[in-house]
Amino acid sequence: MNIVVAQSGGPTCAINASLLGVFRHATKYEEIGTVYGSVNGIEGLILDNLVNLCDIIADDEDVELIRQTPSTVLGSCRYKLPDFKADRTVFETITANLKKYGIGAFFYIGGNDSMDTVMKLDDYFKANNIDIKAIGIPKTIDNDLPITDHTPGFGSAAKYVATTMQEIIRDSSVYSSKSVTIVEIMGRDTGWLTASSAVLRQNGEVAPHLIYLPEAPFSVKKFLSDVREAQQKHYAVIVAVSEGVSLDADDFQSGKVDNFGHKYLSGVGKALEKIVSQEIGCKVRSIELNVMQRCSSHLSSKRDITEAERIGGAAVKTALDGFSGRMMVYKRVRNHPYNMRIEHVDVREVANKVKYFPLEWINETQNNVTNDAIEYCMPLIQGEQNFIMKNGLPKHYVLRFALSHDKRKGKIE
Ligand code: F6P
């Protein structure tokens, strides 16, 4: 049989490593012929836009470059499949294309929304006696997928967040006058990534002095009182705030949503900056780490990249063992020395579900995290990658195969 792999949802530094894991592992099996890649996630299977990965990954240098390139070499999407009982059309198109390429297994690297796609395809295949396996490979910097100990991509994002936070702390602490610096960190409805900034404590940093996660209630009044209290001890107060924290007045956001109904979150740092400026009046600056936290591969965690490749390979074995409708998961065995194993679970236990940051890891005053968060994150940020450089810059692997607007029109939008 042939197989196809696709990438979906928000990019990470590790999602290409999982693609490599699928490709490199698949090429070891005699049962597997061609390994295809679907361009822009499931959209490629709807629009018949597949590429042969053997053409793309031709030699060892391609492997190295893809591993060190952030984002998704095959492009991505936020496409939501309907319920096949309500509308089978798109399922029939996908199945026809899968059959056209002789595909026996579909691997989808993505987050909770992408697992919805794996679940729906698996439901459709099983209901119609179609022998095609659908396997989910987790990824997201948000670390919000249930069951898996952590998600590929999180460790690298956490390493970037902590490193950048440390640099911001140095920069913001040079003056003898009072200041507040607010750093906005991604993570949607969960605070895992924001909490990871606390790992700096392991190296003796006191900042960020205040850490706010969406899991804890937030009030502007309490925030201002926390900042004033921190200013009693520190001239330069550093705040880490999750993009998903909702203020009492929510109107700073655009209100736009993606196909899965998720709000485009951005701006909480700026909104708090205005509030501090008006109410406290000292120097205040907000910094939105924005997409840098999911694409700064120069600061990626080697452990994250290595694990991401392993979990991609394990997914291939899972399909060959006859499983379908499964998502691969990490199970942490121990922290000292760190060890984990890879298993798989029913994708229905993960699709559209969220794993929140544990409330018991938030301190009593709900403005910081306990050492449990540090213990959890530390193993995941370990190790540095060696990079192939070009003209003093990390070299990236770039494919250009965007479909023309005309070909997509009426089918995807
Ligand atoms: O995929 C996770 C994530 O990076 C979130 O942290 C963020 O809120 C969201 O994606 C942004 O989505 P988009 O890439 O569609 O702007």
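Counting convention: from 1, in listed order, for ligands and their atoms alike.
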Quiz item: Can you name the salt bridge (charged side-chain N to carboxylate O under 4.0 Å, His left out) partners of R78, sequence neighbours left out?
Solution: D258
Exercise. Could you list the residues that satisfy salt bridge (charged side-chain N to carboxylate O under 4.0 Å, His left out) with E229, not counting sequence neighbours?
Key: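 Not a single residue meets the salt bridge (charged side-chain N to carboxylate O under 4.0 Å, His left out) criterion with E229.
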Please list the nearest protein heavy atom to [atom] with its residue and the distance rounded to 0.1 Å.
{"atom": "atom 10 (O) of ligand 1", "value": "R78 NH2, 3.1 Å"}
{"atom": "atom 7 (C) of ligand 1", "value": "E243 OE2, 3.5 Å"}
{"atom": "atom 11 (C) of ligand 1", "value": "R294 NH1, 3.6 Å"}

Quiz prompt | Distance-only N or O hit between ligand 1 and T140, under 3.5 Å | solution =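 No, no N or O pair falls under 3.5 Å.
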Quiz prompt | Candidate pair E288 and N290, rule side chain to side chain donor-acceptor pair (under 3.5 Å), full reasoning | solution = CA-CA 5 Å; E288 188 179 336; N290 212 303; 3.1 Å; yes
Quiz item: Any non-hydrogen atom of D142 lying under 4.0 Å from ligand 1?
Solution: yes
Quiz item: Below 4.0 Å from any atom of ligand 1, is there a heavy atom belonging to G111?
Solution: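 No, that is not the case, since the closest heavy atom of the residue is not under 4.0 Å from the ligand.
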Quiz item: What atoms of ligand 1 come within less than 4.0 Å of a heavy atom belonging to M186?
Solution: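 Counting from 1, the qualifying ligand atoms are 4 (O), 6 (O).
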Practice problem: Report, in ascending order of atom number, the atoms of ligand 1 lying under 4.0 Å from any heavy atom of G10. | Solution: 1 (O)
Exercise. Scan D123, D122, D116 and name whichever one has a salt bridge (Lys or Arg N to Asp or Glu O under 4.0 Å) with K120.
Key: D116
Self-check item: Under 3.5 Å side-chain donor-acceptor pair for N368 and R201
Solution: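 Checked: N368/R201 side chains pair up, N/O donor to acceptor below 3.5 Å.
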Quiz item: Just checking, is any N or O donor in the side chain of N52 or Y101 under 3.5 Å from an acceptor N or O on the other one?
Solution: no
Quiz item: For ligand 1, does H262 get within less than 4.0 Å through its side chain, its backbone, both, or neither, judged by non-hydrogen atoms?
Solution: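 H262 to ligand 1: no contact under 4.0 Å from either part.
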Practice problem: Give a yes or no answer on whether the side chain of S18 reaches the backbone of G312 with a donor-acceptor pair at less than 3.5 Å. | Solution: no
